[in-house]
Amino acid sequence: MEYIAISGITDCYPVEHSYWLLTPGCSPHYNNCQLNYNILGTIQDPFNMPKELHKSYNEIITLSNTLISLLSPRLNQIHNLEYSEQYWRIHIGCWTYHYVAVFYDRYTRLTAAKSAFNKITVIGDSHSQIDIQKDTRDFHIFATQDSSNLKFTTKIAEKLNIPIEYAKHYDATLDYKVDKAPPKKNIFLNFLRDIKNIIFIIIDKISAKKSTVICQQSYLPVWFQLALFLFTFGKIGFIKETKDVKINNSINSSDRSSLSLVPENADPMLKLMISLVGDFIPIVFLEGYDRLSIYSQNTYSKYNPKAIYSSNLWWHHESFKHWAALSNENGIKIIGGTHGGGAFLYKFKLVEHFEISVVDHYITWGWKSSSKDLAFPAHKLISFYNSGMKSRNRYTQILYVITNCPRHNCGFLEDFSLYLGWQERFLKNISAVIEKNMLIRPHYVDWKWDIKQRLFNFNNMLSFDNWEYSLQSRMKKSRVCVYDYMGTTFVESLAMNIPTVIFQSNDIYPICEEDMIPYFELLSKVSILHDTPESAMEWLDSVYDRIDEWWLSDNCQNAVSEFCNIYAKTDTVKNSLSAWSKLTSLSD
């Protein structure tokens, strides 16, 4: 008999047996020999090959679309409505993608464990009654927590007829809290923020009366929002941040049961996934829907646009989604856009697929990969235009920016622990000069990986950023910036024309589109992109004293320019205003 641990709650680990981890995240201290808790190892990752990863993400998209099509008429019936599937896609799409991705990950890993061993027993939760989450954001956090993940995976194991050894009592209050980034302590910036709030209260009032395009959380710089508002004579308006609806905890078991009815022709995975919908769909879409409708109408009814634009409120802002969905039913155009560079990885392609599916037009940072795509100067990068070829010799700091992910996958399938191993490989042969000048900037949410402590244990001479200053401030005062992940930050660095070194494992995080590969090959040829951490450190060590010679060379600058033209488009303020003013034509 093989025992499988499905969470990181050490109180639930069996004292009498050795056991396997379902994922590396089920034990954040797995690499600490003093805290190994009789761990035999980790179940083989079913997504460890790029081909399997690609196939699995496509299946998640297919299953998500199937579930939305199934739930839409059922939700109409429950609420006595006749809205389109697109209306419900805008409403429940984000939750659906998260739910399907979480379910798919746990289901696939449990079935892989069943295949790997003759007999398995899951160490589960005897009190697997689920605390139903209020909204999409709460569900996202729920799926990453140890205690709720224990319950979620136990339910799937029970449905798969896997024997359960129920864990003893544990303290769920030990779950981590998802904090916001610490505020910047700057009296002048706080003063400017107060002035900005006053200005945008005025803009908000004018927008309600005359704007044909309403933007909320656009990611455009504040100064550019004001300039665009004036440039279009108020046709493009901006809404100040709005609080979302507060939902109570009342539950209607009958409605939830109707959502869990399984179609006869469904395959085993789909049947099980649908049967659990009633246990996991947030209250805001069922019992709290009427309250949401009233709140959303009270918040947004004063606006009468022909088009609505937001970069990322399609994910977690329930009252905004309700307004947008209802507006779309009445013929108003919905505009979205990328909020962090290209979808270079499969996990980001999943995000992009959802965002494109809920809008009429999708604004990119330069590329065109679908009929909805429109290439505009990148909102986050507008302030970076013409950063110029500036010498970095006066700076000594090496900024090493690292990322983080939840220990329990929520919306992604890759094994994050392999990424952590690459960090240690990168720092293993660090020279005295690089070590002295390197500042490591971790993500402000640690997800209980203890990344800072892990790296400090590996090398106690390392220095870590405390988030007192913004990332852009740190980047501007760095000699060179290092990134180990294909996220937003390395794109911003290239757009700012700051010397940049990237290393990325194509086995862990493969580039997801073939037409992207030539642009990354450009970066590889000039030693910006490296395929191993050892190569990146060796190059960093060799080029540190001659950073300008390398970065300001024609070959390097041409490669950066060609890459940014597609994935980090910037332009003059005048041209950027002209481009973004075209939002008004999209409302026709």
Side-chain angles (χ1 to χ4, degrees), residues 60 63-103 129-144 148 151-152 155 242-263 270 273-300 310 312-329 334 354-355 357-359 410-411:
I60 289 172
L63 288 168
S64 297
N65 289 332
T66 300
L67 190 57
I68 290 171
S69 296
L70 181 74
L71 294 180
S72 295
R74 294 182 180 183
L75 287 167
N76 272 333
Q77 185 174 6
I78 288 171
H79 298 304
N80 196 26
L81 300 171
E82 295 182 354
Y83 290 142
S84 67
E85 183 176 308
Q86 184 66 8
Y87 171 91
W88 289 110
R89 180 180 294 276
I90 295 171
H91 251 307
I92 68 171
C94 176
W95 169 78
T96 303
Y97 274 64
H98 281 316
Y99 170 69
V100 172
V102 172
F103 174 87
Q129 178 64 40
I130 302 295
D131 295 327
I132 296 173
Q133 302 305 298
K134 293 182 179 180
D135 55 28
T136 307
R137 186 186 300 277
D138 282 355
F139 178 83
H140 181 264
I141 296 172
F142 161 89
T144 64
S148 49
K151 295 178 179 181
F152 192 111
K155 272 194 170 291
T242 53
K243 294 182 179 179
D244 207 355
V245 62
K246 301 295 183 183
I247 299 296
N248 58 34
N249 289 315
S250 63
I251 301 297
N252 186 318
S253 299
S254 176
D255 286 344
R256 291 184 170 273
S257 296
S258 69
L259 290 181
S260 299
L261 295 175
V262 178
L270 183 58
M273 183 181 72
I274 295 170
S275 72
L276 294 175
V277 164
D279 291 322
F280 295 106
I281 189 169
I283 295 170
V284 71
F285 303 129
L286 281 177
E287 299 86 357
Y289 179 82
D290 290 340
R291 182 181 178 88
L292 167 67
S293 299
I294 295 170
Y295 183 89
S296 179
Q297 183 176 0
N298 290 340
T299 302
Y300 292 103
S310 180
N312 75 340
L313 289 181
W314 315 106
W315 288 92
H316 295 146
H317 201 295
E318 308 296 355
S319 53
F320 172 85
K321 288 189 291 182
H322 178 273
W323 174 54
L326 192 58
S327 298
N328 194 232
E329 286 289 288
I334 302 298
F354 161 70
E355 291 176 340
S357 75
V358 301
V359 299
C410 182

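The shown structure was predicted, so the numbers you read here are calculated from the model rather than taken from an experiment.
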Mind checking the [atom1]-[atom2] spacing from [X] to [Y]? Nearest 0.5 Å is all I need.
X: Ser319; Y: Arg291; atom1: OG; atom2: CZ; result: 11.5 Å
X: Tyr97; Y: Ser357; atom1: OH; atom2: OG; result: 4.5 Å
X: Leu259; Y: Ile281; atom1: CG; atom2: CD1; result: 5.5 Å
X: Ile251; Y: Leu286; atom1: CD1; atom2: CG; result: 8.5 Å
X: Ile283; Y: Phe285; atom1: CD1; atom2: CZ; result: 11.5 Å

Would you please classify the geometry between the [Y] ring and the [X] ring as parallel, tilted or perpendicular, with 30° and 60° separating the classes?
X: His140; Y: His316; answer: tilted
X: Trp315; Y: His98; answer: tilted
X: Trp95; Y: Tyr99; answer: parallel

Exercise for the section: Among residues two or more places apart or on two chains, list those pairs meeting salt bridge (charged side-chain N to carboxylate O under 4.0 Å, His left out) that have a residue in residues 317-327. Expected result: Glu318-Lys321

Handout entry: Side-chain H-bond candidate by donor/acceptor type, Tyr300 with Thr242, under 3.5 Å
Key = yes

Handout entry: Test item: Arg89 side-chain N/O and Ser84 main-chain N/O as donor-acceptor pair under 3.5 Å
Key = no

Considering all heavy atoms of both residues, which atom of [X] and which atom of [Y] are nearest to each other, and what is their separation?
X: Asn249; Y: Lys134; value: OD1-CE, 3.1 Å
X: Val102; Y: Ala143; value: CG2-CB, 3.8 Å
X: Ile60; Y: Val100; value: O-CG1, 3.7 Å
X: Leu276; Y: Phe280; value: O-CD1, 3.1 Å
X: Thr136; Y: Cys94; value: CG2-SG, 3.6 Å
X: Arg256; Y: Gly278; value: NH1-O, 2.9 Å

Exercise for the section: Hey, could you give me each pair passing side chain to side chain donor-acceptor pair (under 3.5 Å) that has a residue in residues 70-79? Not counting sequence neighbours. Expected result: Asn76-Trp88

Fill in the blank from the handout: Result for side chain to side chain contact (heavy atoms under 4.5 Å, CB included) between His322 and one of Val245, Ile90, Leu292 points to Leu292

